[in-house]
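Values reported hereafter were calculated over all heavy atoms of this structure, with side chains retained and with hydrogens, waters and symmetry mates removed. Convention: sequence-line order gives letters A, B, ...; per-chain numbering from 1.
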Amino acid sequence: MIKDITIGQYFPGNSFVHELDARIKILISFLFIITLFFIDSFVPYLFVLGFILLVVKVSDVPIKFIVKGLKPLMYIIVFTFFINVFLTPGTVLFQFGFLKVTEEGLYQAIFMALRLVFLVAGTSILTLTTSPISLTDGIEKLLSPFRKIGVPAHELAMMMTIALRFIPTLLEETDKIMKAQMARGADFESGNIINRGKALVPLLVPLFINAFRRAEELAIAMEARCYRGGDNRTRLNELKIDKKDIVTLVLVIGFFGIIIAMRYI
Amino acid sequence: MENMISINNLDFSYNEEDKGVKVIDNLNISVKKGEFLVILGHNGSGKSTLAKLINGLLTPTSGDILVENMNTKNPEEIWNIREKAGMVFQNPDNQLVATIVEEDVAFGPENLGVPSEEIRKRVDKALELVEMSKYKKHAPHLLSGGQKQRIAIAGILAMEPDCIIFDEPTAMLDPTGRNEVMKTIETLNKKEEKTIVLITHFMDEAVKADRVIVMEKGRIVLEGTPREVFSQVDTIKSLGLDVPQVTELAHELIKEGYDIRPDILTIEELVDAI
Ligand SMILES: Nc1ncnc2c1ncn2[C@@H]1O[C@H](COP(=O)(O)OP(=O)(O)OP(=O)(O)O)[C@@H](O)[C@H]1O
Ligand SMILES: [Mg+2]
């Protein structure tokens with residue numbers, strides 16, 4: 001059950017989008033998010049939708065993977081939708097008791113919900129088409145100019161790699177401990193919040209102890225494999241920016257520029 | 001023949017102030033190039049400590065360890081020592097770093113600063129040797145224990161060591177996984193001429209060695225070929241260890257008055273003797 005949570009899932013492939021340099025993809029995703037926050041009407045959303053559909057088509061990632069990525073965030077999206085519907089003041093459309101639905105509220109709610117959907121869909125294309133290693137390598141390279149001001153670029157990237165590597169292991173372990181405790185009569189699924197919290201203690205304690213033991217063993221194993229920080233490290237697959245990366249970046253920036261410009265016309 | 005590892009008058013205690021509790025007590029061992037050495041010993045006899053000392057993860061309290069004539073006390077040689085004497089640990093989960101098999105195997109050579117094309121060659125060759133080429137794009141957490149451990153071995157092989165130290169590599173595996181890993185270790189010793197130091201609790205694995213050392217309280221208590229060591233059934237039992245099942249059976253038969261050799265190690269030998 002708990003294993004169904006997928007984080008940073010990667011859909012291997014050889015499409016144009018897959019082959020783009022990770023740094024370019026991270027930059028584009030970043031610009032995409034900024035662009036989304038500049039949009040204040042529905043017409044530019046059509047452009048964004050078109051952009052997303054185009055990228056998905058080119059990347060060969062089945063659309064159902066994007067939809068799957070949206071599911072865990074459905075609650076948040078629905079929640080923001082209702083907050084906006086009920087709490088925005090304006091012309092009342094209809095009223096249930098003390099809850100008023102306003103015209104502005106409805107507009108705002110749909111608008112925000114769409115923004116969230118686009119945000120998640122757009123960024124999940126990044127993780128779906130970029131292997132975790134290229135992703136962390138890309139982040140490391142993009143952050144490395146900031147090393148001078150004390151940003152530990154390599155260490156952050158290494159932490160992310162290890163986190164991605166161990167999340168499935170830790171989830172599996174949680175599952176195992178939970179089943180073992182349930183076999184001994186522990187109940188994680190009923191009772192009030194305090195009782196449920198109490199039931200978690202015998203789950204969390206062994207989980208944390210194991211995690212610390214793992215961390216120590218991993219550190220020793222890494223040292224035995226000559227790990228000594230990021231200096232002078234080479235990579236199996238070095239990131240490489242070539243002409244198609246630059247052209248793509250320029251085209252995308254132009255397109256986002258048009259979308260942002262629509263706000264001011 | 002030249003020594004791969006020389007351990008001279010080695011003492012070690014974890015606690016600097018309290019030198020009384022020696023985990024390693026005046027130990028002298030030399031391991032020849034190409035040798036397959038097994039180290040046995042009761043829990044807490046100092047086997048893992050010894051392995052970490054050889055790899056330079058710990059430094060001797062007194063005495064010296066030379067790996068291909070490089071002293072583990074010399075900080076300038078420590079990385080060369082770790083490159084030449086790789087180490088595989090017990091829990092395969094806790095030594096894999098990356099989310100994709102081939103990326104993990106590449107971790108060692110990447111740390112050594114090997115150029116990309118050369119890393120690619122080494123990774124492919126290492127995966128070939130442990131018969132895991134098919135899985136190079138897989139996520140390690142979806143593999144079986146034996147497969148994970150072979151990936152860990154490939155990760156060490158990619159650093160191109162002359163010697164590999166295994167600290168109970170099969171302790172957490174099921175019988176299938178154990179066989180896979182033992183087969184790999186034997187191939188590395190026989191075909192690739194790697195020097196092997198294998199720490200284990202399984203007597204059947206010790207039978208395959210050129211030499212067996214039994215440790216107790218940081219000292220050597222028995223040493224010799226598997227045949228010499230396991231023929232001393234009573235001494236081994238008094239140290240809280242077992243002998244291989246076949247040897248045990250032969251020993252019982254001798255006690256019952258049968259006339260057979262005391263140094264039987266395999267089922268075939270026992271069949272012949274009877
Ligand atoms: N990090 C440490 N700090 C202090 N003492 C330690 C440490 N690691 C091990 N010891 C102690 O050193 C002794 C030898 O431990 P070691 O792990 O080398 O034994 P071992 O032969 O590998 O045992 P096992 O068969 O259980 O793996 C034990 O008494 C142990 O308690
Ligand atoms: Mg040990």
Original post:
When you look at B/D93 and A/R165, which way does the side chain to side chain contact (heavy atoms under 4.5 Å, CB included) test go after all the steps?
Top reply: CA-CA 10 Å; B/D93 261 325; A/R165 154 72 186 83; 3.4 Å; yes

Original post:
Got more than 12 heavy atoms from elsewhere within 6.0 Å of NZ, B/K125?
Top reply: no

Subject >> Other residues, nucleotides, ligands: >12 heavy atoms within 6.0 Å of A/K57 NZ >> reply: no

**OP:** Rounded to the nearest 0.5 Å, what's the gap from CD1 on B/I100 to OH on A/Y10? Could you check?
**Re:** 6.5 Å

**OP:** Could you check B/V97 against A/I162 for side chain to side chain contact (heavy atoms under 4.5 Å, CB included), going step by step and ending with a plain yes or no?
**Re:** CA-CA 6 Å; B/V97 188; A/I162 291 174; 4.1 Å; yes

Subject >> Leading residue by heavy atom contact count with chain B [cutoff under 4.5 Å; candidates A/N237, A/L218, A/D231] >> reply: A/L218

**OP:** May I ask you to check whether over 12 heavy atoms, not counting those of A/D242, lie within 6.0 Å of atom CG?
**Re:** yes

**OP:** Compare every heavy atom of A/L236 with every heavy atom of B/I119, then report the nearest pair and how far apart it is.
**Re:** CG2-CD1, 3.7 Å

**OP:** Heavy-atom distances under 4.5 Å only: say whether B/K137 touches chain A with side chain, backbone, both or neither.
**Re:** neither

Original post:
Closest heavy-atom contact between B/N55 and A/A224?
Top reply: OD1-CB, 3.5 Å

Original post:
After noting the C-alpha distance and the side-chain angles of A/E223 and B/R82, does the key distance pass the side chain to side chain contact (heavy atoms under 4.5 Å, CB included) rule?
Top reply: CA-CA 9 Å; A/E223 210 181 318; B/R82 289 185 188 150; 3.5 Å; yes

Original post:
Any donor and acceptor pair, going by atom type alone, linking the side chain of A/T234 with main-chain N or O of B/V114 inside 3.5 Å?
Top reply: yes

**OP:** Counting only heavy atoms closer than 4.5 Å, note whether B/E102 contacts chain A via side chain, backbone, both or neither.
**Re:** both

**OP:** Report the option among B/I78, B/I81, B/D104, B/L112 that has the most heavy-atom pairs separated by less than 4.5 Å from atoms of chain A.
**Re:** B/D104

Original post:
Are more than 12 heavy atoms from other residues, nucleotides or ligands located less than 6.0 Å from atom CD of A/E216?
Top reply: no

Original post:
Using a cut-off of under 4.5 Å for heavy-atom pairs, which of B/G113, B/A106, B/P140 has the most such pairs with chain A?
Top reply: B/G113

Original post:
Got a sec: does the OH of B/Y14 have more than 12 other heavy atoms crowding it under 6.0 Å?
Top reply: yes

Original post:
Which of the residues B/R122, B/R120, B/E103 is involved in the greatest number of heavy-atom pairs with chain A at under 4.5 angstrom?
Top reply: B/E103

Subject >> A/F146 atom CZ, neighbour heavy-atom count above 12 within 6.0 Å >> reply: no

Original post:
Heavy-atom count around A/E155 CD within 6.0 Å, excluding the residue itself: above 12?
Top reply: yes

**OP:** Go through B/G155, B/G86, B/P115, B/A152 and name the one with the most non-hydrogen pairs under 4.5 angstrom from chain A.
**Re:** B/G155

**OP:** Quick one: which of A/T136, A/I220, A/T161 has the most heavy-atom pairs under 4.5 Å with chain B, could you say?
**Re:** A/I220

**OP:** Heavy-atom distances under 4.5 Å only: say whether B/L142 touches chain A with side chain, backbone, both or neither.
**Re:** neither

Original post:
Can you tell me how far the NZ atom of B/K148 sits from the OG1 atom of A/T169, to the nearest 0.5 Å?
Top reply: 6.5 Å

Subject >> B/N94 side chain near A/F166 side chain, heavy-atom distance below 4.5 Å >> reply: yes

Subject >> Stepwise side chain to side chain contact (heavy atoms under 4.5 Å, CB included) test for B/W79 and A/R228 >> reply: CA-CA 9 Å; B/W79 303 107; A/R228 52 200 128 155; 3.5 Å; yes

**OP:** Nearest 0.5 Å please: distance from the CD atom of B/E83 over to the SG atom of A/C226.
**Re:** 6.0 Å

Subject >> A/R225 and B/N111: side chain donor to acceptor below 3.5 Å >> reply: no

Original post:
Quick check: does any side chain N or O of A/R235 sit under 3.5 Å from a backbone N or O of B/E110, one acting as donor and the other as acceptor?
Top reply: no

Original post:
Given a strict heavy-atom distance threshold of 4.5 Å, which part of B/P161 is in contact with chain A: side chain, backbone, both, or neither?
Top reply: neither

Subject >> Under 4.5 Å from any heavy atom of chain A - which part of B/V88 >> reply: neither

Original post:
Which answer fits B/F107, side chain, backbone, both or neither, if we ask what part of it has an atom under 4.5 Å from a heavy atom of chain A?
Top reply: both

